[in-house]
K.L.:
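Let me give you the structure first, and then I'll get to my questions.
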Amino acid sequence: MPVTSSDFVKALEVGRPPNVAKLFPNSKALLVSGKVIDRAMNAKGHALALAANGRNHFVIRGVLAAAQRANAAVLIEIAKSEGGQKAYCPVNYWNMARQVDAVANELGITIPVAIHADHYGIKGEVDIKSAKVEIPSMFDAGITSIAIDASHLPDEENLLANLELNQFIPAWAGLETEVGEIKGKEGLSTVPEALFLIKGLNAHGVFPDWIALNNGTTHGIEASDAGIQVELTAEIHEAIKPYGVNGAQHGTSGNSYERLRQIAQKTRTTKANVATALQFISWGLEVNDYGNAKLDANGNFIKVKGEGMTEELWAEMVAFADSKGWKKGDYKNLNLPFENKLLAQPKEARDRMAKRVEDFAYKLITEVFNSGDTAPLAVDAILKAGSYDLGPKGKRVEDPAQWTKEMLPKQAAGLSRDKGPAGNFED
């Protein structure tokens with residue numbers, strides 16, 4: 001059932017966080033905390049919220065249209081590599097909420113949407129220092145949920161970074177943490193590693209909504225459909241179940257729909273990130289059933305005539321990439337320099353870019369992620385709380401005295417230091 005107009009009005013009055021209400025005082029867009037989206041998936045059961053990386057304006061438009069059509073609560077997100085200070089996308093941490101709010105009002109979108117800062121990467125003290133200024137600036141710009149990703153660091157430092165930065169994150173905001181870089185079959189996450197991070201946070205009164213794992217998948221173009229290790233994911237989720245933490249599945253592009261359905265059915269995952277597939281689809285490239293771009297006999301992307309951008313603009317983008325010596329995995333860097341040219345296309349091309357995303361996202365939501373009709377459940381969670389702040393799912397069960405900085409080496413004893421190969425896996 002769609003959200004009733006009276007419930008929507010009530011949710012709009014109490015469900016928008018203070019930063020959103022201040023930024024958009026006259027808006028009719030229901031931008032909410034990530035906690036709201038997570039609770040809606042819990043309420044439906046075995047449901048994954050589509051967390052769409054809005055690498056361009058057309059992805060945002062298409063996903064919002066799909067969510068409205070599916071009556072589903074969703075997240076629009078961007079990662080630090082995509083939309084941080086060294087962005088390769090025009091959508092960034094500071095304009096994403098403004099774009100979502102504008103499109104939602106334009107299209108009459110009435111489903112709840114969280115604005116998520118994904119993969120906010122921390123690799124050392126320099127990043128922590130800048131984060132203390134940058135994170136508040138992002139919430140000032142309308143972010144309603146964030147993923148602190150210090151998974152590049154040793155386990156003790158990962159925990160300490162999460163604790164140090166938590167004071168800069170509003171208590172009402174959605175919160176994701178991460179253990180194990182997303183880098184495929186190397187450096188897979190383990191139960192002890194996940195428990196170490198979640199227990200340590202719990203002891204200090206930090207209760208994440210989600211944890212992301214290295215459970216065998218990768219960012220970007222997935223070479224096969226067998227990346228995600230479902231049983232490993234389920235085992236870790238069962239171990240952390242007492243702490244009220246759900247899973248966030250990264251790197252879904254290219255994984256088979258059956259594998260993603262298993263993640264929904266057999267694990268405690270409530271958030272599924274989709275980035276690369278939506279980029280390719282908006283551009284009009286030929287993709288397989290799972291959103292992975294197909295290549296021709298010469299190893300080149302295949303542009304579908306009459307779909308996505310114009311053929312002329314695609315030829316210009318390919319020539320630009322060739323001039324830079326870019327490989328296929330580098331094509332993501334075309335997002336930033338070509339956004340204005342994409343927006344300057346005829347309306348027919350712009351509309352079909354967004355429509356292609358809409359149709360793909362709708363199928364994901366309704367046939368794979370099982371998150372159709374979760375919008376009313378999200379609104380119910382807001383109305384039940386009577387607030388934008390739903391509070392934590394977990395409660396403190398660990399003894400803080402056992403998780404002081406001095407005790408961490410003891411708690412971390414026996415954890416593997418092998419995190420897999422070094423490199424840039426942020427995508």
Side-chain angles (χ1 to χ4, degrees), residues 19-20 23 31 34 50-64 74-104 113-123 127 130-131 133-152 165 168-169 173-176 178 181-182 210 212 219-220 248 250-253 271-283 329-343 353-354 357 361 424-427:
N19 62 337
V20 170
L23 275 173
L31 305 189
L50 170 59
N53 291 54
R55 289 182 177 178
N56 62 47
H57 182 74
F58 306 97
V59 169
I60 292 175
R61 294 183 73 86
V63 169
L64 290 179
V74 295
L75 304 96
I76 302 293
E77 64 181 23
I78 209 77
K80 191 175 185 179
S81 58
E82 298 169 308
Q85 290 189 31
K86 299 178 181 179
Y88 64 78
C89 295
V91 180
N92 60 51
Y93 283 151
W94 301 275
N95 68 24
M96 182 165 56
R98 300 173 197 277
Q99 289 208 44
V100 172
D101 183 80
V103 172
V113 185
I115 311 298
H116 183 71
D118 196 41
H119 278 299
Y120 187 80
I122 301 294
K123 296 184 178 180
D127 288 335
S130 63
V133 176
E134 193 167 82
I135 289 174
S137 80
M138 290 153 52
F139 279 95
D140 287 345
I143 292 295
T144 65
S145 184
I146 189 169
I148 299 297
D149 177 10
S151 63
H152 315 78
L165 294 179
F168 299 95
I169 301 170
L175 179 61
E176 182 177 336
E178 184 166 331
E181 271 190 278
I182 311 302
W210 302 284
H219 289 131
H250 291 212
T252 61
S253 297
K271 174 177 179 283
N273 297 4
V274 185
T276 305
L278 298 175
Q279 167 192 280
F280 288 152
I281 286 161
S282 73
W283 287 353
D330 298 322
Y331 269 56
K332 62 191 179 186
N333 295 302
L334 293 166
N335 281 286
L336 186 57
F338 279 89
E339 176 81 345
N340 287 354
K341 291 195 174 188
L342 289 166
L343 292 169
M353 286 182 72
V357 171
N424 181 8
F425 298 92
E426 293 176 320
D427 194 41

K.L.:
Hey, are the side chains of Ile60 and Val100 touching, using non-hydrogen atoms and a 4.5 Å cut-off?
P.N.:
yes
K.L.:
Can you tell me how far the OG1 atom of Thr144 sits from the CZ atom of Phe139, to the nearest 0.5 Å?
P.N.:
7.5 Å
K.L.:
Does a side-chain heavy-atom distance below 4.5 Å link Arg55 with Leu278?
P.N.:
no
K.L.:
First locate atom CG of Asp101, then atom CG of Leu64, and finally report the distance between them rounded to the nearest 0.5 Å.
P.N.:
10.5 Å
K.L.:
If you take all heavy atoms of Val357 and Val59, which pair is closest and at what distance?
P.N.:
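Of all heavy-atom pairs spanning Val357 and Val59, the closest is CG1-O, 3.8 Å.
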K.L.:
Just how far is it from atom CH2 of Trp210 to atom CG of Leu75, taken to the nearest 0.5 Å?
P.N.:
5.0 Å
K.L.:
Apply side chain to side chain contact (heavy atoms under 4.5 Å, CB included) to the pair Trp94 and Glu134, showing each step before the final yes or no.
P.N.:
CA-CA 10 Å; Trp94 301 275; Glu134 193 167 82; 3.7 Å; yes
K.L.:
Evaluate the side chain to side chain contact (heavy atoms under 4.5 Å, CB included) criterion for residues Lys271 and Glu77: first the C-alpha distance (whole Å), next the side-chain angles of each, then the deciding distance (0.1 Å), finally the verdict.
P.N.:
CA-CA 11 Å; Lys271 174 177 179 283; Glu77 64 181 23; 3.2 Å; yes
K.L.:
For the atom pair NZ (Lys80) and NZ (Lys86), what is the distance rounded to the nearest 0.5 Å?
P.N.:
8.5 Å
K.L.:
Taking the side chain as every heavy atom from C-beta outward, state whether Ile78 and Asn92 have any atom pair closer than 4.5 Å.
P.N.:
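With C-beta onward as the side chain, the pair stays apart.
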K.L.:
Would you say that Leu343 contacts Phe58 through its side chain, given a criterion of any heavy-atom pair below 4.5 Å between the two side chains?
P.N.:
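Yes, their side chains come closer than 4.5 Å.
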K.L.:
If I take atom CG from residue Leu334 and atom NZ from residue Lys341, how far apart are they, to the nearest 0.5 angstrom?
P.N.:
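Reported to 0.5 Å precision, the distance equals 11.5 Å.
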K.L.:
How close do Glu178 and Ser151 get, heavy atom to heavy atom, and via which atoms?
P.N.:
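Looking at all heavy atoms of both residues, the closest pair is OE2-OG, 3.4 Å.
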K.L.:
If you measure only the distance, is there a donor-acceptor pair under 3.5 Å linking the side chains of Glu339 and His57?
P.N.:
no
K.L.:
Mind checking side-chain hydrogen bond (donor to acceptor under 3.5 Å, both in side chains) for Tyr93 and listing every partner two or more places apart, or none if nothing turns up?
P.N.:
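In terms of side-chain hydrogen bond (donor to acceptor under 3.5 Å, both in side chains), with neighbours along the sequence ignored, Tyr93 is linked to no residue.
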K.L.:
Would you call Cys89 and Leu336 a side-chain contact if the rule is heavy atoms closer than 4.5 Å?
P.N.:
no
K.L.:
Would you give the length of the straight line joining atom CD1 of Ile122 to atom CG of Leu165, rounded to the nearest 0.5 angstrom?
P.N.:
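So the gap between those two atoms works out to 5.0 Å.
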K.L.:
Going by side-chain hydrogen bond (donor to acceptor under 3.5 Å, both in side chains), name the residues that satisfy it together with Asn56, two or more places apart in sequence or in a different chain.
P.N.:
Ser282
K.L.:
Quick one: does Met353's side chain get under 4.5 Å of Arg61's, heavy atoms only?
P.N.:
no
K.L.:
If I compare all heavy atoms of Ala131 with all of Pro136, which pair ends up nearest, and what's the gap?
P.N.:
O-CD, 3.8 Å
K.L.:
May I ask you to test the Tyr120-Asp127 pair for a side-chain heavy-atom distance under 4.5 Å?
P.N.:
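SC-SC contact between Tyr120 and Asp127 ruled out.
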K.L.:
Can you spot which of Ile148, Asp118, Asp149 makes a side-chain contact (heavy atoms from CB on, under 4.5 Å) with Glu176?
P.N.:
Asp118
K.L.:
Partners of Ser130 by side-chain hydrogen bond (donor to acceptor under 3.5 Å, both in side chains), sequence neighbours excluded?
P.N.:
none
K.L.:
Kindly determine whether Arg98 and Leu23 satisfy side chain to side chain contact (heavy atoms under 4.5 Å, CB included), including the steps that lead there.
P.N.:
CA-CA 9 Å; Arg98 300 173 197 277; Leu23 275 173; 3.8 Å; yes
K.L.:
Do Val274 and Asn53 come within less than 4.5 Å of each other through their side chains, counting heavy atoms only?
P.N.:
no
K.L.:
Which atom pair, heavy atoms only, marks the closest approach of Ala361 to Val63?
P.N.:
CB-CG2, 4.3 Å
K.L.:
Could you go through the side chain to side chain contact (heavy atoms under 4.5 Å, CB included) check for Ile143 and Met96 one step at a time?
P.N.:
CA-CA 8 Å; Ile143 292 295; Met96 182 165 56; 3.8 Å; yes
